[in-house]
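For reference, the structure is listed below as structure tokens.
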Amino acid sequence: MPAIAFTASALAALAADGKLGYKDTPIIPGTEWHVHDGDRPQPRVVTPGGSFSQGAKPPSDATVLFDGTNLDQWAVGANKPAPWKIENGYMEVVPKSGSIRTKERFADFQLHLEFATPGKVEGNSQGRGNSGVLFNGIYEVQVLDSYQNPTYPDGQAGALYGQTPPLANASKPPGEWQSYDIIFESPRWDADGKLVKKAAVTVIHNGVILHHRKELAGNTPHRQNGNYSKPHDPEVFIQLQDHNNPTRFRNIWLRSIGEYDKP
Ligand code: MG
């Protein structure tokens with residue numbers, strides 16, 4: 001049964017002040033939509049069934065990236081200590097302190113993490129509970145408070161930013177813990193710098209699938225189409241975005257898969 005995503009007044013208010021999206025951006029190849037098009041259909045709202053994978057203990061071969069006690073695995077840039085706050089088993093973005101990223105790099109992997117957008121609701125559209133999970137700092141799976149907070153669909157929670165809206169809006173209310181289970185496959189280039197495999201991502205949000213091995217069209221910039229013009233190693237770092245909102249994260253672990261799996 002289709003659900004009404006947002007109240008008409010909420011959509012009208014955003015559209016009126018121009019914040020729902022953009023029409024002065026390029027068309028996304030293969031679609032009829034502009035990058036960040038506010039008229040692109042809003043994914044249907046699905047109420048998650050429960051806590052799904054929250055609290056999932058890392059499997060025995062997992063790399064634990066955050067167990068709630070320290071940020072030893074994380075840095076700002078290559079090696080500046082990660083300055084985010086830790087309390088009660090979670091980390092919290094300290095606005096304007098910088099995005100943090102893993103010191104270690106991984107190629108193809110299964111990633112589990114939990115997040116909570118700020119319980120104190122401030123701002124709207126892209127200004128409310130914005131963070132992100134970025135691979136190599138350039139391929140973003142959006143983190144946003146998308147609970148009764150319309151924005152352009154390719155920028156809502158779980159979107160492949162600027163490219164592909166999620167298949168559903170499975171967001172929980174602000175302040176509640178939510179889970180992402182993400183499978184990421186790195187892109188590959190040959191020795192001549194020719195792209196031979198695009199990045200692909202599968203995302204399950206609170207037990208609801210948002211992307212099923214969806215290929216990325218490239219990196220995920222703001223207001224532009226992405227591309228693969230800059231070859232990089234298959235091993236990528238994982239970055240959590242400081243977008244000036246105090247989003248929280250906890251229970252982050254990862255399992256390498258595929259050809260780079262090391263027994
Ligand atoms: Mg973001």
Side-chain angles (χ1 to χ4, degrees), residues 14 19-22 25 28 34-38 40 42-43 65-66 74 76-77 82-84 90-102 111 113-166 169-172 174-175 177-182 184 199 201 203-206 210-211 214 216-226 236-250 252:
L14 278 169
K19 287 181 180 169
L20 196 56
Y22 298 86
T25 48
I28 300 172
H34 292 265
V35 176
H36 314 319
D37 200 323
R40 197 166 178 170
Q42 293 280 338
L65 295 172
F66 180 64
W74 301 81
V76 171
W84 291 9
Y90 58 77
M91 62 166 95
E92 183 178 295
V93 176
V94 175
K96 301 192 191 306
S97 69
S99 300
I100 66 172
R101 69 194 209 188
T102 56
L111 172 69
L113 64 85
E114 297 165 26
F115 67 92
T117 61
K120 184 182 175 201
V121 172
E122 292 181 320
N124 59 24
S125 189
Q126 293 289 298
R128 182 185 299 180
N130 195 332
S131 182
V133 181
L134 293 95
F135 304 105
N136 227 31
I138 57 174
Y139 309 108
E140 181 175 15
V141 174
Q142 176 71 299
V143 171
L144 193 78
D145 176 0
S146 285
Y147 187 86
Q148 288 296 328
N149 177 35
T151 189
Y152 46 81
D154 70 23
Q156 74 171 71
L160 310 182
Y161 188 74
Q163 298 182 15
T164 310
N169 180 345
S171 292
K172 293 192 172 191
W177 284 101
Q178 315 192 46
S179 60
Y180 269 168
D181 291 281
I182 298 174
F184 182 79
V201 66
V203 180
I204 298 175
H205 181 199
N206 298 328
L210 304 189
H211 303 283
K214 185 69 185 176
L216 282 146
N219 60 337
T220 58
H222 183 55
R223 293 176 50 89
Q224 298 171 47
N225 280 308
V236 299
F237 57 82
I238 293 144
Q239 186 178 51
L240 303 176
Q241 187 182 48
D242 170 10
H243 203 286
N244 297 333
N245 299 135
T247 301
R248 294 171 177 174
F249 294 91
R250 71 180 184 189
I252 308 176

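Atoms considered below: every heavy atom in the structure, side chains included; atoms not considered: hydrogens, waters and symmetry mates. We're numbering straight along the sequence, starting at 1. Read the numbers this way: they start at 1 and go in the same order the structure lists the ligands and their atoms.
The Mg ion (ligand 1) lies closest to atom OE2 when only the N/O/S atoms of Glu140 are considered.
Residues that satisfy the side chain to side chain contact (heavy atoms under 4.5 Å, CB included) test with His34, not counting sequence neighbours, are Lys23, Thr25, Ile27, Asp37.
To the nearest 10 degrees, the Mg ion (ligand 1) sees O of Ser131 and OE1 of Gln142 at an angle of 70°.
The Mg ion (ligand 1) has Asn130 among its coordinating residues (N/O/S atom, backbone or side chain, under 2.8 Å). Distance check for Tyr161 against the Mg ion (ligand 1): none of its N/O/S atoms falls below 2.8 Å.
Annotation: cation-pi geometry satisfied between Arg101 and Phe237 (NZ/CZ under 6.0 angstrom from ring centroid, within 45° of ring axis).
Each of His36, Gln156, His243, Gln142 was checked for a side chain to side chain donor-acceptor pair (under 3.5 Å) with Gln126, and the lone residue meeting it is Gln142.
Taking the six-membered ring for Trp and thresholds of 30 and 60 degrees, His222 and Tyr161 have nearly parallel ring planes, at less than 30 degrees apart.
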